[in-house]
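Report on the following structure.
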Amino acid sequence: MQNRRQFLRQSFAFSALASLGSLPSLAAPKSPTKDARHIIMAGDWGYENNTAQLAVARAISDYTQQHTLHPEALLLLGDNWYGPLDGGVDCPRWKTSFEDAYPASIFPGPIYGIPGNHDYQVMPESKLAAELAYAKRPGTRWTMPSLWYRVELPAKDPVITLIALDSNVNIPGHKAKLPNFTLTEAQQAEQLTWLEAELSKPLNTPFLAVMGHHPIYSNGMHGDHAVLIQDWEPLLRKHNVHLYLAGHDHDLQHLEFANHPTSFFMSGGGGADLYKITIKPEERGPYAQRVYGFSHLEMTPDLLTLRHLDEQGRVVHAFTKRRDNSVQILTA
Ligand SMILES: [Fe+2]
Ligand SMILES: [Zn+2]
């Protein structure tokens with residue numbers, strides 16, 4: 001509890017500092033550096049009514065074309081399929097809401113997926129089993145080699161190490177709604193051991209990010225996650241992780257905590273119905289907004305630039321992050 005109060009207080013101090021230090025205008029969305037590399041991300045995208053999802057997907061295509069970006073990868077931050085996925089790998093939703101929505105002309109490279117809570121639903125088939133099977137199809141861009149995995153991006157001259165996790169952990173006192181709605185306790189322990197081992201390995205890249213569907217801290221409806229605060233947050237701090245990427249709350253967020261190396265960056269506006277913001281960014285921030293959209297990670301060996309964009313492709317928040325973990329907010 002002490003920690004929590006401390007975080008809230010520190011965060012407020014950060015927000016005040018951030019707004020004082022913010023720049024009057026945003027740097028041009030086009031990469032200022034010729035050799036920058038780009039990753040696009042979106043979360044909570046595979047909604048049954050895909051009207052909003054396809055609008056965001058169109059905005060992604062337009063934005064990448066307008067700025068002549070050639071993204072190295074697309075990260076899809078979980079809740080890949082809401083509702084039934086009839087036929088599993090053969091479900092037509094794979095074509096309409098995945099293959100056509102994020103076309104190979106924009107994303108010829110890998111599209112990384114992680115499991116969200118909705119992916120664990122058995123309706124009556126396991127959607128997660130279908131996602132793991134779809135990733136085994138020859139030539140597919142959908143990449144989910146296992147429930148948790150490590151990758152360096154781009155494949156050539158990598159700039160960032162990405163540790164992808166399954167955040168569907170057991171929450172004491174919460175009864176899962178369906179059987180197998182979370183990792184088993186054995187899997188959860190195995191993943192935590194693996195995470196500690198991976199974070200202890202020497203880095204081949206200047207930057208390090210961890211991603212999981214559930215936020216550790218969130219100003220959205222789901223709030224802070226007690227188990228992830230206990231199990232994962234100390235490891236992010238200890239190993240100087242630059243970014244924690246998540247979805248789950250259907251909004252866009254960026255949270256900073258004083259003296260914490262990690263920027264918490266949430267992109268859950270990819271298509272599912274939006275949620276209310278429950279903690280205002282003035283209280284804990286610098287940014288939380290109930291808005292559909294996606295996110296852009298621009299990378300050079302010295303600097304990450306992160307942008308949240310709405311469904312019209314307008315930048316709604318942006319900041320830079322250096323290897324020493326310093327953060328510069330680019331939007332007020
Ligand atoms: Fe979701
Ligand atoms: Zn979720």
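Every number for a ligand or one of its atoms is a count from 1 in the order of the listing.
A salt bridge between R58 and D100 is absent, with no side-chain N of the basic residue lying under 4.0 Å from a carboxylate O of the acidic one. For R141 and E99, the salt-bridge test passes: some basic side-chain N is under 4.0 Å from an acidic carboxylate O. By the 4.0 Å N-to-carboxylate-O rule, R284 lies close enough to D224 to be salt-bridged with it. For the pair E298 and R307, the salt-bridge criterion is met [side-chain N within less than 4.0 Å of a carboxylate O].
The ring pair (Phe, Tyr, Trp, His ring centres under 6.0 Å) test with H213 singles out one residue from H248, H118, H222, and that residue is H248.
For residue H118, no N/O/S atom approaches the Zn ion (ligand 2) to within less than 2.8 Å. Here Y82 meets the criterion, with an N, O or S atom under 2.8 Å of the Fe ion (ligand 1).
Put simply, the angle at the Fe ion (ligand 1) from OD2 in D79 to NE2 in H250 is close to 180°, to the nearest 10°. Between NE2 of H213 and OD1 of N117, the angle at the Zn ion (ligand 2) works out to 90°, rounded to 10 degrees.
Minimum-distance N/O/S atom of D44 relative to the Fe ion (ligand 1): OD2. Taking the Zn ion (ligand 2) as reference, the nearest N/O/S atom within D79 carries the name OD2. Minimum-distance N/O/S atom of H248 relative to the Zn ion (ligand 2): ND1.
With a 4.5 Å cut-off on side-chain heavy atoms, L147 and L132 count as touching.
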